[in-house]
Structures are given as C-alpha cells and as structure tokens.
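Step one of this worksheet: look at the structure below.
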Amino acid sequence: MDSEVLSALVIIDGRTHCLFRGERKLRECGNDDLKLHGNYSFLMGVYPEPAKGEAVFNMTFGPVAGGLFESIKFNIRTYGERILSVTPEWNCKARRITLSMEPHDRALLKVERINALFSASYSSLFCHLIEKITETEAGYETQMIRMIMIESERIASHILAIQRLAEAASQNVAKHHLSALRERLLRVIASTFGHRYIFGMNQPGGIARSVDLEKLQSEVGIIAHEFYRIWELIKVSRVFMDRIIGVDRADRIWYVGPTLRASGHSFDARIDGWLPYSDFGFSPVIGEVGDSYARASVRAAEILESARLIGEMVSERKLFVHGVSPINFEASGSYVDTVESPGGELVMGITLNEGRILKPFIRSASWCNLPAFTEGIKGGILTDFSFGVESHGLIVSEMGDLL
Amino acid sequence: MKGWIRLGLEKGIVTTSFPREKPEVLSPWATEPVRIYPGATECPTNAIDGDMVDRFRCIYCGRCSSSFAPTERLNVPEVKAKVKLFAKSMKLFVIDTGSCGGCNSEVQQLWNPIYDLSRLGVFFTNTPRHADALLVVGILTEGMEKPLLEAYSAIPDPKIVFAVGSCSVSGGILGKSVASVLDCKVLIPGCPPDPFSIIDAIQKSRGLE
C-alpha cells in the first residue's frame, strides 16, 4: 500500500521524476499518470482555487503577524465566521539555497541551516547520502550518535509544538512550564553537542566533536517525567480540550509524521530505515481520529518514546570520541534516502561529482503537511485557525526546494 | 488547578539573575572563537584573518576547532546608538525575513520563565505601531523586503533596529544581510545568538550597561 503513495516530485533537466514511499530511486514519469494521486498538485505547490460565493471575502493573515512563529501568508476565504478555504503563500520568506556546484563540506553548512529545529535530521541524512555515494563506512557508533541527536531534537521540537498549541488555547501557565522545560533540554543539548541546535556535529564519515552523554541521559529522563506531569495537567483543562478536540481533522495516507500517525496510519521512516532503530525495540506511536488533540497526543507519547530510546542507546555507551572515516571524493553517483525528522519523513537526494554537489532536492515534512492544515481546517471557524496551524508543527523555512 | 500551583511551588524561582550576575550557562559554539593553537585554518565565510575573527561574518560552525575554541563568554554586540528613553520600558516587534528558525526560537525563549524579559521592562508587541524597536531575524529575502520596510516605517520615532544573528548582520552563508537595506543600530553576532547575548544587547541599547 505504502509503495503506491507518491512521496516526492522532482523536476530534473525539465522532466518530471517521482519517488514512491519506501523506494530509494527516482523514476521518470509522465504527468498524466501522476495526476491520479491526490497529493500531486500539492507536491507541485499548487493549491485549489479559493472559495467563491455570495458575501465571501478574503481575510489575510501574515506574512508579518505577532501570532506567527515564521513569515507565511494565509488567504482565508470566509463570509464572517466559517472558514471556506485557506490558500497559503508559503514562499514569502523563501530562501534560494544553492547547493549545486558547492563542495560537500560547504553544502553541509547550508543543509544544517535549512531548518534549525530539525538540523540533526537534515545533516545526518545529507552525510548518509555522501557516505552511500562514496561507499564510506560511517560505523555503528556514528549511527548511534546520529539517532541520539535526532531523538533529542525530536523531544525539543515536540515540546515546542505542544507549547505553541497551549499558547494558542490561552493556557499560559502550561505554555511557560513547557517553555522552561524546553530551555532545560536545549541547555543540556548545548553542553553535550556544543550547540543548542546541534550545528557542526555531523560530518560525512563520522562526528566532529567528542561527546559525553551521561548528563544527557539523566536530564532527558527527568525532562520526560516532568513533561508527562505537565501533559496530564493540561488534559484536565476543559478549555484546552474543548478547543482542540475535533478541530482540523486530517486523514490522508500521503501526510507524514505525527500528522499521519495521529489518524491511525503506522508509517514511520524509522522502521526499516538506514538508522538501526530496530536494535532498540522501536515501535511507532499511533493515534486515531486525526484531529488537533490526536496530533498533540501522538507528540506527547513520542516524547516519552524518544526519551526511552535515548536512555537505552546511552546505556550501551556514554563516551564517543570524534573521528571521521576517510572519504573517496573521486567517487561519483546519485542517491536518495529518507529520515524521520520531528515533523515527519524527510526525503533528500543528491548527485556527487568530484566532491561537488549536483541536482540536490528535498521534500520536507512541512511541504507534505501544509495541505493537511489547509484541507482539514475547511469548515472550521476562525477561532480554530491557530489551534489547527500549531497542531501540525509546520516549519516554513523548510518549505520549497534547493537549487 | 491545584496541580499547577503545586508544580509551580515545587519549581521555585527559575529566573536567571542575569544581567545582575553572569550568565549561568552559555551554548559553547554560539560564542566567539579565539585562537588557542597556531596554524592555518580555513573558514567558510572568510571570517578569520590571522588571529582575528570577524564575529559578524562568523557563523560559529566550529570548522576552525583545530586552532580555535569558543570563548564561552557573551558575544559583544555592536551598539551604534543608545536610546535612554527606553530604559524603563521597551516594546519589540519581531520580523522574520528569511530565518532557518534558530533565531526565531531563541527570541521566543526570551519570554520563558528562565529569561523572563518582561522583568526588565521589555515586552513583545503584535503590531509595529506599538513598537519601539524592530528585531530582525534571517537573511533578507526578496519576498520579505517590502513587509520589512513597511513594518519599519510603521514604528514611531525614536526607534531602534536590531539585526539578530549572523544572517541578518552579514548574510551568513545563505544570502543578503538586512543591514544592507536598513540602518541597523544594534548588531548581535551568533548563529543563532545565545538568549543571554540578545538580552545583553537589548540592555546596552537602552543605556543600561
């Protein structure tokens, strides 16, 4: 079933190539075949025509607004209360990130900065692609560190998403507790990996800094426990629950991450992926219903699961000395792979030629899940808007493609 | 309700004593690198010249770590103008012109109970009309130049523009700096700058050393 899910569309040399879920090779396709897939136009960045009708008017939200974490513009069509359609303009702050013809080490710096909140996922996947093309053995220890970094940023990112949802629902006490908890985690990440957003740790073939994970292990355990207490308290609030239950239902097989799993689908790129999650008994968290509450619940459970994974991984080994395997940069080739970033499955592909990057592309989790918001919020009321948008944990900076 | 009160009491006071005292902790590679060993070092942004590091061009990537180490001290901002009128109260309007999300996150963290910027009389505002200062994060992208200039002109005089982070200060490795179109009076280095460094720059811009 998953192999029938259209995962990414890439235009290379003027021709459309597609990638189906679970596959690692781009196929050249005719557009007519692809148009049968429900997400074809969304992957191309084309959204349905805005709603029209008597007394329907356009309400603009963004790109610069106090309630938005990043710059994005939404055109909301309404006749006063009910949301009839939402058309996003995601490219207000689109950066033209050019990787083509860049040497791999400079390209890595740019890749880390596509989305700082998922930086470890991006850099780990990029390094993995380089390693595959150059046939470099990164080693099991490097993969362990990469998993620990990705799970650490998953906890930080999920806390931020739930914190922003609490803020949208006017739960300011909860918001401040969560925000302080996230700060505690960012500080321990900084002391462990040298940077609050894990910049500069990954390198093709290894890791750039030595790390001692003992403090991270104990702190993550405490943070997960405290998070659970806060989450149990939030759920008691009728104000919070009434605002998010039943809001912005999203149930399509082609969504990714917590948005997908909250509607009962089990797809998670950590299963059968290139990182050895199966050695630590990982199983995905699956929700039901697919509303804003379900997404928050999946995130809450994933925080606990990530903390468990970090605990088990660090129990095996606490100290990692930096080291990088030699890389054959005369190797050339192309490779495509995925990683489960905090927002969901991230797809990236590159071609390497004499150490320089060619034809790079990404399909980010937010690119896949933006339609989940715009489609799910239809029929809701204007008050639901912020609960819907925050529950998906969308990151605008990762929308768009690479040059 | 009782649960929240109990949780709050258990936590006690978590707010930092900064700026009265030194920062409790700083993110190492958010602070300026300083040479510790001799030797040639390649810098992706050409921020290194001999022993000197241009802290505004630096993206704090750590590629120079064979010869340089982070100081783990507050980054020194460049404050070209101070407005003492804002010493008692200052309202900030934040605009993202092309950020990776790192600077946005650090600016958001300033309002958590640990940094609690409001205790220093500094507040967020949701409209530039009510703002005293503009905090700009990210490189300058084509789509955000007009909204940036509109937000700037909507802020009443006197006003200050803060360029927060390497991208808005120098363009970093991703593009054009905000300082190229706006007269930024305060430049805060870092990729992203540590929250303590942002607080320090805000205080200095108000004449509060």
Side-chain angles (χ1 to χ4, degrees), chain A residues 63-71 89 91-98 105-106 109-110 112-119 156 160 163-164 173-180 182-184 186-187 189-191 193-197 199-201 208-209 226 229-230 232-233 236 395-398, chain B residues 1 3-4 7-8 11 14 24-30 42 44-45 59-63 65 70 93-106 108-109 111-116 124-128 138-139 141-144 147-148 150-151 167 172-175 191-192 194-195:
Chain A
V64 181
L68 291 170
F69 185 71
E70 293 175 276
S71 297
E89 289 182 32
N91 53 358
C92 302
K93 62 168 251 185
R95 297 167 295 164
R96 309 258 178 260
I97 299 180
T98 308
D105 53 345
R106 189 175 164 85
L109 294 172
K110 293 185 175 182
E112 282 179 336
R113 286 158 180 80
I114 293 172
N115 175 358
L117 305 181
F118 305 169
S119 158
L160 177 67
Q163 170 203 320
R164 290 191 59 80
V173 175
K175 176 224 161 178
H176 285 304
H177 275 290
L178 289 168
S179 180
R182 181 167 176 267
E183 176 64 28
R184 184 172 175 175
L186 290 177
R187 285 182 176 189
I189 287 174
S191 66
F193 301 114
H195 194 279
R196 285 160 70 93
Y197 300 93
F199 287 178
M201 260 301 290
R209 297 173 193 140
E226 286 198 9
R229 276 185 75 186
I230 295 168
E232 289 298 307
L233 284 169
V236 176
I395 304 294
V396 183
S397 63
E398 65 172 5
Chain B
M1 184 67 179
W4 289 118
L7 187 63
K11 291 273 169 198
V14 295
E24 290 84 18
V25 61
L26 284 165
S27 172
W29 280 103
E42 276 192 32
T45 55
I59 55 165
Y60 303 81
C61 60
R63 291 281 168 88
S65 60
F93 183 74
V94 182
I95 185 165
D96 166 15
T97 54
S99 158
C100 64
C103 292
N104 310 46
S105 172
E106 296 302 62
Q108 291 272 326
Q109 288 299 94
W111 272 262
N112 72 29
I114 294 170
Y115 299 107
D116 188 16
F124 262 139
T125 176
N126 285 339
T127 165
I139 57 166
T141 54
E142 204 179 313
M144 287 305 293
L148 170 71
E150 282 178 2
C167 287
I173 51 163
L174 292 177
C191 185
D194 193 278

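A note on names: the letters A, B, ... follow the listed sequences, proteins ahead of strands, and every chain is numbered from 1.
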Using a cut-off of under 4.5 Å for heavy-atom pairs, which of B:P113, B:C100, B:G143 has the most such pairs with chain A?
B:C100

When every non-hydrogen atom of A:H195 is compared with those of B:C191, the smallest separation belongs to NE2-O, 3.0 Å

Look at A:M201, A:R209, A:Q163 and state which one has the largest set of heavy-atom pairs under 4.5 Å with chain B.
A:R209

Heavy-atom proximity to chain A below 4.5 Å, by part of B:P195:
side chain

In terms of heavy-atom pairs under 4.5 Å with chain A, which of B:N126, B:D96, B:L174, B:L148 leads?
B:D96

Listed by chain and number, what are the side chain to side chain donor-acceptor pair (under 3.5 Å) partners of A:R182, not counting sequence neighbours?
B:S105, B:Q109

B:Y60, B:W4, B:W29: which one forms the most heavy-atom pairs within less than 4.5 Å of chain A?
B:W4

Chain B interface, residue from A:D105, A:T98, A:L117, A:I97 that has the most non-hydrogen pairs under 4.5 Å
A:D105

What part of B:D116 is in contact with chain A, defined as an atom under 4.5 angstrom from a non-hydrogen atom: side chain, backbone, both or neither?
neither

Heavy-atom cut-off 4.5 Å, strictly under: side chain, backbone, both or neither for A:L233 against chain B?
both

Against chain A, label B:I173 side chain, backbone, both or neither, depending on which of its atoms sit under 4.5 Å from a heavy atom there.
both

Which residues share a salt bridge (charged side-chain N to carboxylate O under 4.0 Å, His left out) with A:R184, sequence neighbours left out:
A:E219, A:E226

B:Y115 versus chain A, heavy atoms under 4.5 Å apart: side chain, backbone, both or neither?
side chain

Looking at A:R106 and B:P44, would you say the former's side chain and the latter's main chain have a donor-acceptor pair under 3.5 Å?
yes

Bottom line for A:Y197: the part with an atom under 4.5 Å from chain B's heavy atoms is side chain

B:G98, B:A30, B:G101: which one forms the most heavy-atom pairs within less than 4.5 Å of chain A?
B:G98

B:T97, B:L7, B:T125, B:T127: which one forms the most heavy-atom pairs within less than 4.5 Å of chain A?
B:L7

Check whether B:E106 gets within reach of chain A through its side chain, its backbone, both or neither, counting any heavy atom under 4.5 Å.
both

Below 4.5 Å, heavy-atom pairs only: which of B:S99, B:P147, B:G62 has the largest tally toward chain A?
B:S99

Atom of A:H176, atom of B:W111 and distance for their closest heavy-atom approach
CE1-O, 3.4 Å

Considering only heavy atoms, which portion of A:I189 lies under 4.5 Å from any heavy atom of chain B: side chain, backbone, both, or neither?
neither

Start with the C-alpha gap between A:L109 and B:R63, add the side-chain angles, then the distance that decides, and say whether side-chain contact (heavy atoms from CB on, under 4.5 Å) holds.
CA-CA 10 Å; A:L109 294 172; B:R63 291 281 168 88; 3.6 Å; yes

Turns out that what part of A:R187 lies under 4.5 Å from chain B's heavy atoms comes down to side chain

All heavy atoms of B:N112 vs all of A:S179, minimum pair found to be CB-OG, 2.7 Å

Output the option from A:S119, A:G194, A:A174, A:A94 having the highest count of non-hydrogen pairs under 4.5 Å with chain B.
A:G194

